[in-house]
Amino acid sequence: MLPKILFRLSLNFGFACIAVVCYLWHEMLDVNLTLAPFSLLGVAIAIFLGFRNNASYARFTEARLLWGNLLITERSLLREVKSLMPDPAEQARYFTSLLIAFTYCLKHQLRKTDMRIDVDRLLAPSERNSVLNSHSPCNTLLLKMGMWLGEQRRLGRISDISFHSIDSNLNHLSSILGGCERISNTPIPFAYSLIVHRTVYLFCALLPFALVSDLHYLTPLVSVFISYTFISLDSLAEELEDPFGMAPNDLPLNAISATIEINLREMIEDDEKPIPMKPDHHCLLS
Amino acid sequence: MLPKILFRLSLNFGFACIAVVCYLWHEMLDVNLTLAPFSLLGVAIAIFLGFRNNASYARFTEARLLWGNLLITERSLLREVKSLMPDPAEQARYFTSLLIAFTYCLKHQLRKTDMRIDVDRLLAPSERNSVLNSHSPCNTLLLKMGMWLGEQRRLGRISDISFHSIDSNLNHLSSILGGCERISNTPIPFAYSLIVHRTVYLFCALLPFALVSDLHYLTPLVSVFISYTFISLDSLAEELEDPFGMAPNDLPLNAISATIEINLREMIEDDEKPIPMKPDHHCLLS
Amino acid sequence: MLPKILFRLSLNFGFACIAVVCYLWHEMLDVNLTLAPFSLLGVAIAIFLGFRNNASYARFTEARLLWGNLLITERSLLREVKSLMPDPAEQARYFTSLLIAFTYCLKHQLRKTDMRIDVDRLLAPSERNSVLNSHSPCNTLLLKMGMWLGEQRRLGRISDISFHSIDSNLNHLSSILGGCERISNTPIPFAYSLIVHRTVYLFCALLPFALVSDLHYLTPLVSVFISYTFISLDSLAEELEDPFGMAPNDLPLNAISATIEINLREMIEDDEKPIPMKPDHHCLLS
Amino acid sequence: MLPKILFRLSLNFGFACIAVVCYLWHEMLDVNLTLAPFSLLGVAIAIFLGFRNNASYARFTEARLLWGNLLITERSLLREVKSLMPDPAEQARYFTSLLIAFTYCLKHQLRKTDMRIDVDRLLAPSERNSVLNSHSPCNTLLLKMGMWLGEQRRLGRISDISFHSIDSNLNHLSSILGGCERISNTPIPFAYSLIVHRTVYLFCALLPFALVSDLHYLTPLVSVFISYTFISLDSLAEELEDPFGMAPNDLPLNAISATIEINLREMIEDDEKPIPMKPDHHCLLS
Amino acid sequence: MLPKILFRLSLNFGFACIAVVCYLWHEMLDVNLTLAPFSLLGVAIAIFLGFRNNASYARFTEARLLWGNLLITERSLLREVKSLMPDPAEQARYFTSLLIAFTYCLKHQLRKTDMRIDVDRLLAPSERNSVLNSHSPCNTLLLKMGMWLGEQRRLGRISDISFHSIDSNLNHLSSILGGCERISNTPIPFAYSLIVHRTVYLFCALLPFALVSDLHYLTPLVSVFISYTFISLDSLAEELEDPFGMAPNDLPLNAISATIEINLREMIEDDEKPIPMKPDHHCLLS
């Protein structure tokens with residue numbers, strides 16, 4: 001994250017140097033920018049920045065919870081199918097491929113990347129088009145699961161009660177899909193970011209001029225330090241606000257999707273598992 | 001949002017100019033409005049403004065959650081109907097029209113706009129009147145869905161268990177309706193807004209007189225900057241308090257309703273879909 | 001709310017005048033009550049007052065949620081009964097009267113007012129006594145609903161599954177009842193109110209003596225302004241703490257009860273609906 | 001609560017007096033403990049104390065919620081049993097005694113008091129020992145309820161669906177038991193209390209030495225006032241941390257247990273009800 | 001926790017001594033590091049540290065809740081099995097061993113310790129390998145429970161409804177597993193810890209230089225005291241962030257696992273119970 005805020009901090013450093021240089025001339029004007037109003041403003045900005053941090057972090061946490069529930073629900077769905085159907089081999093394999101495709105399509109939808117490769121890898125040719133051409137591919141996959149389940153019931157392979165027990169887990173998948181769409185489509189009201197951004201930047205720009213009369217040559221050091229605290233938290237809040245992005249602190253959706261695929265394939269004793277992802281040299285997963 | 005607060009900020013600018021002009025005369029009176037009591041007050045106001053922001057944002061978030069759940073529940077309802085009924089074509093079409101009408105009626109009820117056009121577009125003539133004349137049109141639509149479902153059960157098209165599984169999703173719709181009505185009918189206790197408003201405005205009006213002895217000509221700049229932070233957050237909190245309104249930061253109910261209609265029509269392979277809404281040049285949806 | 005705090009504010013104004021008058025004599029004592037310790041204390045009080053505000057507002061919000069759920073659950077119950085029973089007319093009418101009586105009895109229980117009038121209006125003479133003499137009238141009404149439902153099941157009018165589906169909504173009513181009783185019987189620990197009250201009042205009483213050395217004649221103005229912020233929030237928190245009371249910012253239980261009655265009567269096509277309540281000239285509902 | 005903190009406040013008063021007396025000698029040392037670092041520390045302590053207050057109050061609130069749910073669930077269980085069983089008299093009486101015994105055993109377990117008297121009063125001699133000798137008496141009672149319910153099902157008195165509907169309420173009781181055990185066994189991490197305690201006490205002990213140069217003879221008054229705010233909130237947080245204790249602000253488990261017993265006995269028309277508890281002259285219930 | 005932060009505090013003490021020694025020389029430079037910017041920074045750091053504390057404590061609380069739910073759900077599962085199966089002895093014993101193995105495997109997975117000893121102790125030789133070789137041993141155990149349950153249903157020992165009632169508790173276990181994995185695999189975004197760490201340390205290192213002009217010889221005392229507050233809360237937040245670790249304030253998973261085993265074995269009247277764990281001489285459980 002440092003590179004992103006480095007520019008702003010060096011700008012702040014520049015302002016601080018100007019403040020030191022101008023100090024003599026500045027004094028003659030009899031205009032003293034004291035720290036008192038900054039202290040007043042600093043508390044207010046800290047509280048509002050804290051509010052935005054809470055809101056952003058809550059979005060990050062909820063997004064992680066939804067993807068955790070995705071893993072939980074898909075494992076539960078497959079466990080139920082396996083324990084209910086007498087000889088599930090082929091059927092479970094088809095259902096599992098829908099579950100895995102749902103996972104990858106959701107990832108691609110949230111990151112706005114191309115889902116074609118994963119759909120081609122996971123679904124039979126006859127099913128690919130209806131998914132890829134749909135306005136909401138994940139919802140189409142859910143509908144396919146529902147239709148498959150309805151057919152098993154009509155064929156007498158599962159009872160009425162079993163149908164509804166599994167179907168309620170499909171409703172959970174539907175909730176997870178809707179929850180992810182909600183986070184992705186409704187950002188924190190734009191005015192919040194704007195107000196906080198503006199006040200943080202103006203505050204940091206004016207700060208050295210208020211510090212200089214007390215600190216003289218130490219002004220750049222202390223000014224950059226204070227600005228670092230405020231600007232880095234502002235910048236982190238912005239990053240977490242869209243937890244499905246690909247910035248370093250966003251959710252590692254690639255790794256979670258791979259884990260889900262490994263777990264599901266192990267449950268149906270399928271050996272074509274993908275390799276679990278390892279963190280890169282920055283300890284980060286993508 | 002700026003236009004709304006611009007007037008207040010220019011008023012504050014005016015006060016600051018008066019403060020600068022009066023400074024000489026002011027000094028003679030030996031009455032010094034120092035910053036110390038303002039610092040005390042500023043912290044208190046920041047905390048209380050923070051509280052109101054939290055409360056308003058929680059209302060906004062809950063409203064968004066309810067509309068997200070509306071999409072989720074209607075998709076789940078339709079998926080269940082489609083996977084349970086042998087040949088659902090005509091029946092599902094009627095049920096879908098009730099679901100879409102529920103969505104639009106809820107939108108119109110919350111925004112207090114006229115629901116006649118959408119009701120005419122979506123419902124058969126024989127059903128329009130009972131909906132439009134009802135004290136609570138959305139509840140009447142829910143009752144119609146329940147009666148339709150009860151009839152399907154009596155006709156033996158769905159089993160007892162299936163009836164209750166679908167009916168529990170109607171209960172979810174009922175919760176969503178009740179939740180929206182609650183947010184819409186019960187504002188944050190009026191006294192909160194009043195106290196916060198009054199103290200913020202008085203604080204901003206007195207602020208320049210306290211700043212002037214330190215800052216002289218810089219008073220208007222710093223005073224407007226501090227006032228901007230407080231007044232804009234107060235104003236944003238007021239806007240989010242009623243998330244169903246039509247202000248720029250309110251929920252884009254038109255766009256969400258259109259998305260729901262597109263999703264549901266796609267599920268029953270109906271081609272009369274509305275066009276998805278695009279954000280306008282301010283990146284905003286209505 | 002102003003009348004209630006007006007007395008305290010004028011007391012504060014009085015103290016401020018004394019402070020101004022005593023100032024000369026006061027100075028001679030070489031005892032300076034400076035603002036520094038007040039600033040320390042002010043932050044602490046603001047945080048603790050903020051805490052109590054949060055706790056009170058959470059109670060208010062939960063109480064409103066419970067009454068919103070009451071509306072939702074009663075509508076759902078009646079919708080289920082209507083869609084399940086072949087010819088519900090008379091039966092639904094009896095069940096509806098129990099639901100409406102439950103609403104009004106809950107209101108009277110929470111406000112500690114006399115429920116006799118509403119019970120007489122809504123229930124048959126044979127049932128009134130067992131309700132009025134009960135230790136917990138609402139629970140008795142719930143038991144009556146359960147017994148009625150059990151009888152319908154024994155008579156074969158509803159299936160076993162339908163019974164439990166409706167019964168789970170009776171459990172919801174039971175939760176709502178229990179939740180309201182909990183809020184009503186367990187206030188915020190008394191020590192909180194006491195500590196906050198005491199510190200706020202002592203703080204406001206001492207404040208003018210600390211302000212006077214800086215502000216002279218402005219002391220009463222600034223002192224009353226700061227006291228207003230603290231005392232009004234303390235007073236509002238106290239009002240919201242018991243959300244079922246009849247103070248202006250409490251929940252409009254009369255209006256909500258009337259809405260529930262109108263909604264339920266409309267669903268069974270009963271024309272004896274009460275008139276919806278209009279806000280009075282203070283925009284308030286009782 | 002005052003007695004408990006009175007000692008600490010008089011200690012503080014003592015320190016303040018020492019500070020006043022030493023002032024002259026103190027000045028000669030040219031060591032001035034100013035208020036500035038205390039203001040820094042005061043804000044930090046207020047925030048951390050606020051955090052611990054939130055955590056303690058959340059435990060209190062959750063504990064109250066669990067006991068509220070206990071009342072709700074036991075009433076619902078008995079209502080279901082009464083509406084399902086043709087002639088429940090004797091059976092319901094046995095089941096009710098298990099419910100009431102569960103309530104009292106939970107109370108005794110949480111307060112670590114002797115449950116023998118209540119077990120003897122409520123259960124038949126043949127059942128007492130298995131409960132009293134169990135490692136977890138409440139769980140044994142739950143198991144007994146489950147076995148009784150299983151027997152009713154095997155005897156054909158309740159259907160399979162009814163069994164599971166009632167059993168899911170037993171699961172709720174199990175959740176309540178587990179929740180209470182969790183609160184009781186897992187305090188807030190000890191390090192929090194320790195850090196907050198230590199800093200609060202050291203802060204209050206040093207405070208008079210910082211105040212004395214400004215306030216002279218007023219030091220003891222102001223110092224005790226500020227200490228009162230911090231120490232009383234610290235002390236209250238400690239009290240609420242274990243909400244099942246017997247301190248004045250803890251939960252009135254005796255009164256709640258009596259209410260539950262009265263409610264349940266009324267539902268089975270048993271006249272041996274206990275007398276509802278009245279608050280004592282301090283408005284407190286035990 | 002003290003040892004861990006002792007080094008940092010003595011470093012701070014060292015800086016404070018340097019500050020005192022350098023003071024004379026320092027004054028000549030006409031560079032005064034006043035407390036005003038530190039006061040600004042101190043409030044900001046306190047708020048951000050408070051935010052991280054909240055986030056860490058929320059993780060700790062959720063982790064404890066999940067393990068509490070583990071106890072609750074396993075007791076409920078066993079109670080249901082016992083009340084449903086005519087003569088459960090041998091069957092319940094096998095199911096219980098799976099439940100206990102699930103508990104210990106989850107503990108070992110979260111602490112990254114070797115689960116071989118507990119698996120060998122609890123499972124039959126034929127089942128050990130499939131668990132130990134699995135990518136997710138806990139999920140494999142859940143699948144085994146599901147398969148066992150499915151077999152009981154196929155053998156007619158439990159009805160369809162009973163199957164789904166028990167199976168929904170398996171879904172709870174699956175949620176608990178997923179929740180623990182989520183907490184364990186997704187730390188608080190690394191940038192938060194980094195920013196807070198850096199600012200706290202730099203703040204504490206610079207603090208004595210700002211205090212020295214006011215406090216002279218008292219600088220080390222006050223500086224270490226303020227640093228203690230900030231550093232110890234930073235350090236505690238770090239410890240609670242991973243609640244499944246083995247630090248003194250982490251969750252006592254060994255003790256909870258033993259309690260679960262004792263509870264379950266008592267329910268099937270198995271006398272091979274482990275001994276409940278006693279807190280060590282620091283009042284801590286591992």
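- Between D/Phe38 and D/Phe203, the ring planes lie tilted relative to each other; the angle falls in the 30° to 60° range.
- Inspection of the D/Ser136 and E/Glu266 side chains reveals no N or O donor paired with an N or O acceptor under 3.5 Å.
- Of the atoms belonging to D/Leu143, heavy atoms from both backbone and side chain fall under 4.5 Å from chain E.
- Not counting sequence neighbours, the partners of D/Asp234 by the salt bridge (charged side-chain N to carboxylate O under 4.0 Å, His left out) test are D/Arg52.
- Taking chain E as the reference chain and counting heavy-atom pairs below 4.5 Å, the highest number among D/Gly50, D/Gly146, D/Ala58 is found for D/Gly146.
- In this pair, D/Phe95 and D/Trp148 present their aromatic rings parallel. The plane angle is below 30°, not in the 30 to 60° band.
- Contact tally against chain D (heavy-atom pairs below 4.5 Å) for E/Ile226, E/Thr259, E/Asn69: the top residue is E/Ile226.
- Both the backbone and the side chain of D/Leu202 come within contact range of chain E, each with at least one heavy atom under 4.5 Å from a heavy atom of that chain.
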Practice problem: Please test E/Glu241 against E/Tyr57 for side-chain hydrogen bond (donor to acceptor under 3.5 Å, both in side chains), starting from the C-alpha separation and ending with a verdict. | Solution: CA-CA 7 Å; E/Glu241 209 186 303; E/Tyr57 184 64; over 6 Å; no

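- The two residues E/Pro243 and E/Asp250 come nearest to each other via the heavy atoms O-CB, 3.5 Å.
- Of residues 164-180 of chain D, those residues lying under 4.5 Å from chain E by any heavy-atom pair are D/His164, D/Asp167, D/Leu170, D/Asn171, D/Ser174, D/Ser175, D/Leu177, D/Gly178, D/Gly179.
- Contacts between E/Arg75 and chain D at a heavy-atom distance below 4.5 Å involve the side chain alone, from C-beta outward.
- The candidate with the highest count of non-hydrogen atom pairs below 4.5 Å against chain E, out of D/Leu194, D/Ile188, D/Asn185, D/Leu206, is D/Ile188.
- Partners of E/Asn53 by side-chain hydrogen bond (donor to acceptor under 3.5 Å, both in side chains), not counting sequence neighbours, listed by chain and number: D/Tyr192.
- Contact record, E/Val212 with E/Ala19: CG2-O, 3.7 Å, taken as the closest heavy-atom pair.
- When each of E/Gly42, E/Ser223, E/Ser76, E/Ala210 is checked for heavy-atom pairs under 4.5 Å with chain D, E/Ser76 comes out on top.
- Of the listed residues E/Leu78, E/Ile161, E/Thr73, E/Leu65, the one with more heavy-atom pairs under 4.5 angstrom with chain D than any other is E/Ile161.
- D/His197 and D/Tyr201 have tilted rings, their planes meeting at an angle from 30° to 60° on a 0 to 90° scale.
- Partners of E/Asp160 under the side-chain hydrogen bond (donor to acceptor under 3.5 Å, both in side chains) rule, at least two apart in sequence or in another chain, are A/Ser159, E/Arg153.
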